[in-house]
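Below, read A as the first sequence line, B as the second, and so on, with proteins coming before strands; counting in each chain starts at 1.
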Amino acid sequence: MPAITLPDGSVRQFDAPVTGTDVAAAIGPGLARAALAMKLDGREVDLSTLIERDASIVFITRRDPEALELIRHDAAHVLAEAVQALYPGTQVTIGPSIENGFYYDFARNEPFTPEDFPAIEAKMREIVGRGEKFVREEVDRDEAITFFQDKGEKYKAQLIQDLPGTETISLYKQGEWLDLCRGPHMRSTADVGTAFKLMKVAGAYWRGDHRNAMLSRIYGTAWRDQKELDAYLHQLEEAERRDHRKIGKEMDLFHIQEEAVGSIFWHPKGWKLYRTVEAYMRRRLDANGYQEVKTPQLVDRSLWEKSGHWDNYRQNMFITQVQDEDKFLALKPMNCPCHIQIFRQGMRSYRELPLRMAEFGSCHRYEPSGALHGIMRVRAFTQDDAHIFCTEEQIAPETARFITLLSQIYADFGFPDFRIKFSDRPEARIGSDDLWDHAEQALREACAIAGVAYELNPGEGAFYGPKLEFVLRDAIGRDWQCGTLQVDPNLPERLDAEYVGEDGARHRPMMLHRAILGSFERFLGILIEQYAGRFPLWLAPVQAVVATIVSDADDYAREVAAAFARAGLAVETDLSNQKINAKVREHSLAHVPVLAVVGRKEAESRTVALRRLGSQAQEVVSLDEAVARLASEATPPDLKPGNMA
RNA sequence: GCCGGCGUAGCUCAGGGGUAGAGCAACUGAUUCGUAAUCAGUAGGUCCACAGUUCGAUUCUGUGCGCCGGCACCA
């Protein structure tokens, strides 16, 4: 007879097997109404699950974080039913809950369009309104396969076929409609509520494999209530406003045009921003024991053959041939082979290790057209690349040192939070298990030393070694890998890098590929979105505009601008024949952080009226004080007094 | 690369089988004004490219290119 333990530690005895529904009802009518599902001994299950033995229960109500996932998963089922009701002959495949919502992949000859959404949403509301109970049914595997095959649902039949033989096959019914599903579900379709919205249609490969058929995916978002849904939609709108492509245009930072797809035309202001970031990075690297180098763009095929890129990466490389010559040169897609060439010059000693070789390396990769995205994913980019040549014992301390540097740099750019993914050995790999054990252990150790947490990304390491990936999130919620650190024993081997050890013998160094920004292009895109174009003063490409109220102040305005410029500030003047209101508006829209307004009063008293972006307030200060204050604020974080690296 | 959508002035967009329109920006003139748009005027277009249908295509059809959203890719 089951004894049920509740989260508060209390125990309830039942003299016959009970369901979660029974237990909730026994506790009280409020809970009976609110409970959507439960955790039975830690496992999420339907409320209707029969409990025959002693167990602990935690009920899941709409308030709980787990509820969102249930709502979204159930919404996917409701979407599938609605689509099959409206478009007979459509096959269902899978429909999971995802961050912020859900999707369902359908197989249908006609693709869906957003014009179909109102009808589908109406049908979904109807299904939710009916409040059909979700009923779980466990079935025999072969019967289930036959059942779905007879229905013409060949994808579902295949799914079951490929499930491991030990897996229980369960179906969930909602009224007449049913779907293969592991569960759990809430009580009925009514629990989905009405705070959902279909968002977009997309193509997606069956089972995520590009060799398979392309299915029609419908994305939706679903929330606990209308308020949450509205907030989410509002957040999306806000994110769109921050899109770096839009702001890049508004602030005149860069453009891309058809004749150079995937490459960026940096405009003066954009390039100023780029140079600010580059100069900062260079100072940080210099202060951290890196040696900067510069290596060739065009490198003969033979080096790529030795490095293995010619065999494994050629389809992504831009290859050139000079007229009348039989030689193939390739634009480098990465810098590592070139860095090894520098390492190989002369004889290296163990005393030189760890040797940290950095390059702002211009790389070209022929990325698939569909991968291109503004300045975040391009074909011509500049990595803040470095390779650390070291011994096996130095992997952990060097990695820890790297993480510390990276954290400092991300913090300076306004990203105190980032995610670390630890990718360990993949199926297809080279190198002994012993070597992998060592390398993985070293990375784990480094994370421990640096005091950072990571998530495991199993099997996602490079074929030659494990890696850490450092991920930042853009305004629209997309994740971008920026930093990386990869352990590579392979390339030094292939390209024959060696050093003389303490023992007088020759040894292979380890190589750590590492980047912090990833590429300047991607990182600047993320920076633009992070600040929505309202950069902190040290990053802003135009730091101040001196604007006049009357033309009598023109001379003084020029004087103010000259004083600002002498203090190293990027300053412009606006002597145009416009009202101050118009000037304020114009430069605010251009995201200029400081507006220094001068009229007759300021010219006479040798002051300026400072107005900061995003504030209505103005502060009148003396010219000298304005210069001192702004110059100090515009100092890059690594050059601030007391903050030197 | 694949699926879908889109491509009209510098920008944001409207329109539509009879060779195009708005607002902002630009330019000219007037205005000298105290913190988010002063007024008036002028100029600006191979309606992405090519082919087809048509008396006639920017509009319809096809192909290509590019962009956007996904998917796949991302040493």
Side-chain angles (χ1 to χ4, degrees), chain A residues 103 105 108 110-115 199-219 240 243 245-246 249-250 252 255-262 307-309 312-313 315-317 333-337 363 365-374 376-377 383 385 423 426 460-465 467 469 476 478 480-481 484 486 488 490-491 513 515 518-519 522 547-554 575-590 595-602 609-618 620:
Chain A
Y103 69 77
D105 284 347
R108 181 177 179 233
E110 288 275 295
F112 297 101
T113 76
E115 279 91 80
M199 302 298 284
K200 53 196 173 197
V201 290
Y205 297 108
W206 165 237
R207 299 195 145 167
D209 189 327
H210 69 279
R211 289 165 300 193
N212 289 341
M214 175 75 59
L215 305 171
S216 237
R217 175 174 297 180
I218 297 179
Y219 281 96
E240 243 169 77
D243 191 312
R245 292 164 299 191
K246 200 170 144 67
K249 206 176 279 177
E250 287 166 5
D252 194 18
H255 86 272
I256 300 174
Q257 67 186 48
E258 278 198 39
E259 289 83 351
V261 170
S307 71
H309 291 96
N312 300 313
Y313 203 67
Q315 67 281 3
N316 286 303
M317 290 164 67
M334 49 204 60
N335 309 296
C336 359
C363 294
R365 294 182 191 172
Y366 187 75
E367 300 287 355
S369 58
L372 301 177
H373 179 87
M376 310 269 240
R377 188 84 184 267
Q383 293 180 319
D385 202 5
S423 300
E460 291 297 313
F463 70 88
Y464 49 73
K467 60 183 176 183
E469 291 177 330
I476 313 167
R478 279 180 290 226
W480 294 96
Q481 183 206 315
T484 184
Q486 306 180 11
D488 184 3
N490 175 52
L491 207 56
H513 308 257
S519 84
R522 171 174 302 177
T548 52
I549 294 172
V550 293
S551 44
D552 284 351
D554 284 3
L575 311 181
S576 66
N577 182 10
Q578 282 185 102
K579 283 186 166 182
I580 193 61
N581 299 297
K583 294 186 187 186
V584 166
R585 178 180 154 82
E586 187 182 322
H587 302 300
S588 298
L589 289 174
L595 193 59
V597 176
V598 295
R600 278 202 193 88
K601 281 190 282 184
E602 287 76 12
L610 296 179
R611 178 183 166 127
R612 311 297 305 237
L613 181 60
S615 157
Q616 321 264 345
Q618 27 173 329
V620 179

> Tell me, for nucleotides 2-7 of chain B in 5' to 3' order, what letter each nucleotide earns: B for a base near a protein heavy atom under 4.0 Å, S for only sugar-phosphate near one, - for neither?
Replying inline: BBS---
Under 4.0 Å between any heavy atoms, over every strand shown, what does [X] touch: base, sugar-phosphate, or nothing? Just pick one.
X      : result
A:R611 : base
A:Y103 : nothing
A:Q616 : sugar-phosphate
A:K579 : base
A:G308 : base
A:A462 : nothing
A:A547 : nothing

Check whether any side-chain nitrogen or oxygen of [X] sits under 4.0 Å from OP1 or OP2 of [N], and answer yes or no.
X      : N      : result
A:R365 : B:rC73 : no
A:H373 : B:rC74 : no
A:R600 : B:rC33 : yes
A:Y366 : B:rC73 : no
A:Q578 : B:rC33 : no

Write out a two-atom table: protein N or O, nucleotide N or O from nucleotides 9-13 of chain B, distance below 3.5 Å.
from, atom 1, to, atom 2, distance (Å)
B:rU12, OP1, A:K249, NZ, 3.2

> B:rA72 base to A:R207 side chain: any donor-acceptor pair below 3.5 Å?
Replying inline: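 No.
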> Angle class for the A:Y205/A:H210 ring planes (parallel below 30°, perpendicular above 60°, tilted otherwise)?
Replying inline: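 Ring orientation, 0 to 90° scale: perpendicular.
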>> Here's a test of your reading of the structure: between A:Y219 and A:E367, which maps to the more 5' nucleotide of RNA chain B?
In response: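 In this pair, the answer is A:Y219.
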>> Taking B:rC65 as the reference, what is the distance to B:rU53 when you measure between their P atoms (whole Å, please)?
In response: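 Rounded to whole Å, the distance is 23 Å.
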> What interatomic distance, in whole Å, is found between P of B:rU42 and the corresponding atom of B:rG23?
Replying inline: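 So the two P atoms sit 12 Å from each other.
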>> Whether A:D209 and A:R207 form a salt bridge (side-chain N of Lys/Arg under 4.0 Å from carboxylate O of Asp/Glu) is what I want to check.
In response: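 Not counted as a salt bridge, because no side-chain N and carboxylate O are separated by less than 4.0 Å.
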> In whole angstroms, how far is the C1' atom of B:rC33 from the CD atom of A:E586?
Replying inline: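 About 16 Å, once rounded to whole Å.
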>> So for atom CD, which belongs to A:Q315, do other residues, nucleotides or ligands contribute more than 12 heavy atoms lying within a distance under 6.0 Å?
In response: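 Enclosed.
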